[in-house]
Asks: 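Have a look at this one.
Below, chain A is the first sequence line, B the second, and so on; all start at residue 1. Any value given below was found using the heavy atoms of this structure, including those in side chains, with hydrogens, waters and symmetry copies removed.
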Number of protein chains: 2
Amino acid sequence: MQKYFETLSKCSLFHGINPSDMESMLGCLGGKIIAISKSDPIFLEGDPANLVGVVLSGIMQSVQEDYYGNRSVLSILQPGDSFGEAFSCASLESMPISVIAQKDSEVLLLNCKRILSTCTQACHFHRLLINNLIKELANKNLSLSKKIRYMSKKTTKSKLMAYLSDQAKTQGSAEFVIPCDRQTLADYLGVERSAMSAEISKLKKSGYIDTKGSWFCLKSENTL
Amino acid sequence: MQKYFETLSKCSLFHGINPSDMESMLGCLGGKIIAISKSDPIFLEGDPANLVGVVLSGIMQSVQEDYYGNRSVLSILQPGDSFGEAFSCASLESMPISVIAQKDSEVLLLNCKRILSTCTQACHFHRLLINNLIKELANKNLSLSKKIRYMSKKTTKSKLMAYLSDQAKTQGSAEFVIPCDRQTLADYLGVERSAMSAEISKLKKSGYIDTKGSWFCLKSENTL
DNA sequence: AATAAGATGTGGGAATTCCAACAAAGGAGA
DNA sequence: TCTCCTTTGTTGGAATTCCCACATCTTATT
């Protein structure tokens with residue numbers, strides 16, 4: 001497990017924690033590392049909600065599905081991101097969402113309650129962890145708000161452009177790579193994949209954007 | 001300000017805090033009570049993000065608006081609910097949303113950083129406050145996820161029914177009152193008001209629901 | 001009670017999305 | 001290289017939403 005300590009110290013949940021303290025801390029929190037193959041779930045809707053996950057490698061996605069099989073992607077989780085903390089911190093008894101691997105991935109699982117409750121040994125990193133957890137929860141709020149902002153646009157085109165220009169801003173360049181395929185992007189924006197593909201084609205032909213696979217380039221400042 | 005201590009002790013942010021401790025705590029946190037008239041803002045997009053608000057009376061709503069004036073209601077805030085904490089805890093420099101009064105309301109404003117940082121006097125309620133804040137952030141996450149679940153449905157009718165059956169479940173009765181008018185509900189669900197009105201009429205005629213003003217009644221278990 | 005202002009319901013044409021089916025392109029493995 | 005399988009792009013008709021205009025109902029004010 002030591003080989004992950006470097007990676008872990010870069011996760012925002014463990015920000016400020018010394019790699020040398022990692023071992024005792026993970027012991028205290030009941031840490032466990034798990035490998036997940038592409039398309040497999042780590043959490044399924046209905047599972048008990050007491051674990052927090054931290055993505056170590058690969059990409060995960062949190063999804064909801066309704067009776068009719070309509071899939072909604074809530075968030076795309078990259079290495080360093082955590083998930084599940086909101087449900088545990090809100091004391092839900094079961095998970096209202098599933099989390100699945102978009103690619104082969106590795107995940108660290110922790111017992112969330114042990115972050116919240118000071119342990120018997122009064123580990124000195126608890127205060128730090130709690131501050132990090134607050135920041136994580138707040139950031140998750142922001143990312144949900146962002147998704148809502150995209151979904152609130154009325155047309156497929158404007159949802160797409162809102163997302164793409166946000167990506168350009170976040171990644172600091174008009175050229176960037178998105179962390180998902182077309183189907184996942186459509187499920188994230190809440191639109192039909194084929195309709196979105198059609199819009200992408202139109203935007204390409206009009207010269208507003210260029211794209212190939214997961215690579216995109218915004219041609220003008222025209223944020224429709 | 002004393003007259004609010006009872007109310008405050010019922011807010012989840014202050015859960016477990018004794019009304020008699022309220023005064024020193026509010027002093028420590030820089031508490032300030034403000035009255036807001038209907039339609040007036042307490043926060044505007046772009047304002048510095050360092051305050052947390054707690055609704056004491058009335059109803060507030062957090063909203064986003066885009067270039068074209070399309071309004072999106074992120075959440076409807078009732079007495080006891082707090083707002084703004086996510087932006088402050090995520091260390092944003094400015095608010096990405098506005099918060100306005102849906103009715104004449106009273107709001108308690110606190111300096112959020114002072115909740116997070118142990119004060120010089122090491123107030124004994126800090127630990128409690130931080131736990132409450134975590135729960136608030138987690139619950140806000142859940143409420144955003146709910147909104148996303150409604151918005152992810154494809155038709156206006158199913159968005160509406162998802163919301164209404166959730167309300168019935170939350171309020172524990174097939175009869176209930178929603179905390180907003182039609183326009184606000186439409187802006188919350190991300191649909192057109194007039195189209196939503198039409199759907200409501202159809203659902204009434206089909207006998208699935210009954211409604212008058214903010215009162216609703218679900219007639220069958222038929223969660224479309 | 002009269003009036004005004006705001007909220008809600010109704011209607012229809014234009015625009016958009018959904019949906020399903022299929023074509024084309026890309027990638028992995030034999 | 002060839003084949004299979006997955007992803008992406010294309011198309012057209014049906015269904016839905018948007019948008020505007022206006023009727024009706026409600027509430028507040030004088």
Side-chain angles (χ1 to χ4, degrees), chain A residues 37-39 59 61 66 68-73 101-104 150-162 164 177-206 209-216 224, chain B residues 37-39 59 61 66 68-73 76 100-104 150-162 164 177-206 209-216 224:
Chain A
S37 309
K38 179 173 176 171
S39 315
I59 297 196
Q61 51 185 227
D66 69 14
Y68 308 105
N70 296 317
R71 198 173 73 116
S72 171
V73 172
Q102 187 174 304
K103 303 200 270 190
D104 288 357
Y150 309 145
M151 291 183 73
S152 298
K153 305 279 180 189
K154 293 202 202 75
T155 66
T156 298
K157 175 161 75 173
S158 51
K159 286 172 190 169
L160 184 64
M161 286 307 297
L164 292 177
V177 169
I178 64 171
C180 59
D181 61 20
R182 298 284 189 271
Q183 181 67 63
T184 301
L185 179 56
D187 290 344
Y188 175 75
L189 296 176
V191 299
E192 202 50 33
R193 182 200 59 78
S194 63
M196 188 186 75
S197 258
E199 289 301 336
I200 291 178
S201 293
K202 274 203 262 176
L203 285 165
K204 254 172 108 164
K205 287 201 184 90
S206 324
I209 69 172
D210 196 9
T211 174
K212 183 170 174 52
S214 58
W215 172 84
F216 280 82
L224 306 175
Chain B
S37 308
K38 179 173 177 173
S39 314
I59 297 196
Q61 51 185 227
D66 69 12
Y68 308 106
N70 296 316
R71 197 174 75 117
S72 171
V73 173
I76 295 165
I100 66 174
Q102 187 173 303
K103 303 200 272 189
D104 289 357
Y150 309 144
M151 292 183 73
S152 298
K153 305 280 181 192
K154 292 201 203 78
T155 66
T156 298
K157 175 160 75 172
S158 52
K159 286 172 191 171
L160 185 62
M161 286 308 296
L164 292 178
V177 168
I178 64 171
C180 59
D181 60 20
R182 298 282 189 273
Q183 180 68 63
T184 300
L185 179 56
D187 290 344
Y188 176 75
L189 296 176
V191 299
E192 203 50 32
R193 181 201 58 79
S194 63
M196 189 186 74
S197 258
E199 290 300 337
I200 290 178
S201 294
K202 275 203 262 176
L203 285 165
K204 254 173 106 165
K205 288 202 183 89
S206 323
I209 69 172
D210 196 9
T211 173
K212 182 167 174 53
S214 59
W215 173 85
F216 280 82
L224 307 174

Asks: Would you mind reading off the distance between A:Asp210 atom CG and D:dT8 atom C1', rounded to a whole angstrom?
Replies: 15 Å

Asks: To the nearest Å, give me how far apart CD1 (A:Ile209) and C1' (D:dT8) are.
Replies: 14 Å

Asks: Nearest whole Å is fine: how far is D:dC19 P from B:Asn70 CG?
Replies: 7 Å

Asks: Taking the side chain as everything from C-beta on, heavy atoms only, tell me whether B:Leu185 gets closer than 4.5 Å to B:Leu160.
Replies: yes

Asks: Atom CH2 of B:Trp215 and atom P of D:dC25: how far apart are they, to the nearest Å?
Replies: 19 Å

Asks: Can you name the residues that form a side-chain contact (heavy atoms from CB on, under 4.5 Å) with B:Ser152, not counting sequence neighbours?
Replies: A:Ser72, A:Met151, B:Ile148

Asks: Does any residue of residues 192-200 of chain A have a heavy atom under 4.0 Å from DNA chain C, and if so, which ones, in number order?
Replies: A:Glu192, A:Ser194, A:Glu199

Asks: Show each protein N/O and nucleotides 28-30 of chain D N/O combination with a separation under 3.5 Å, one pair to a line.
Replies:
none

Asks: Which residues pass the side-chain hydrogen bond (donor to acceptor under 3.5 Å, both in side chains) test with A:Lys154, sequence neighbours left out?
Replies: B:Asn70

Asks: Report the distance from atom CG of B:Leu185 to atom P of C:dG9, rounded to the nearest whole Å.
Replies: 11 Å

Asks: How many whole angstroms separate atom NZ of A:Lys103 from atom C1' of D:dT6?
Replies: 16 Å

Asks: Can you check whether B:Ser37's main-chain N or O pairs, donor with acceptor, with B:Asp104's side chain at less than 3.5 Å?
Replies: no

Asks: Residues two or more places apart in sequence or in another chain: which of them pass side-chain contact (heavy atoms from CB on, under 4.5 Å) with A:Ser214?
Replies: A:Val177, A:Ile178

Asks: In whole angstrom, what separates A:Asp187's CG from C:dT17's C1'?
Replies: 15 Å

Asks: Sequence neighbours left out, what passes side-chain contact (heavy atoms from CB on, under 4.5 Å) with A:Ser206? Give chain and number order.
Replies: A:Tyr208

Asks: Measure from OH on A:Tyr68 to C1' on C:dC18 and round the result to the nearest Å.
Replies: 16 Å

Asks: Within the structure, does a side-chain N or O atom of A:Thr156 lie under 4.0 Å from either OP1 or OP2 of C:dT17?
Replies: yes

Asks: Going by salt bridge (Lys or Arg N to Asp or Glu O under 4.0 Å), name the residues that satisfy it together with B:Arg71, two or more places apart in sequence or in a different chain.
Replies: B:Asp187

Asks: Of the nucleotides C:dC19, D:dG9, C:dT8, which one has an atom closest to the side chain of B:Asp181?
Replies: C:dT8

Asks: Looking only at heavy atoms, which two atoms of A:Tyr150 and A:Lys159 are closest? And how far apart?
Replies: O-CG, 3.0 Å

Asks: Mark up nucleotides 24-30 of chain C, 5' to 3', with B wherever a protein heavy atom is under 4.0 angstrom from a base atom, S wherever such an atom reaches only the sugar-phosphate, and - elsewhere.
Replies: --S----

Asks: In chain order, what residues pass the side-chain contact (heavy atoms from CB on, under 4.5 Å) check against B:Ser39, with sequence neighbours excluded?
Replies: none

Asks: Side-chain donor-acceptor pairs under 3.5 Å in residues 188-204 of chain A, sequence neighbours left out?
Replies:
{"residue": "A:Ser201", "atom": "OG", "partner": "A:Ser197", "partner atom": "O", "Å": "3.2"}
{"residue": "A:Lys204", "atom": "NZ", "partner": "A:Thr211", "partner atom": "O", "Å": "3.1"}

Asks: Please enumerate all residues that pass salt bridge (Lys or Arg N to Asp or Glu O under 4.0 Å) together with B:Asp66, with sequence neighbours excluded.
Replies: A:Lys153

Asks: Estimate the overall bend of the helix from C:dA1-D:dT30 to C:dA30-D:dT1 from the end axes over five pairs each, rounded to 10 degrees.
Replies: 50°

Asks: Looking at A:Lys154, does any N or O in its side chain come under 4.0 Å of the phosphate oxygens OP1/OP2 on D:dC19?
Replies: yes

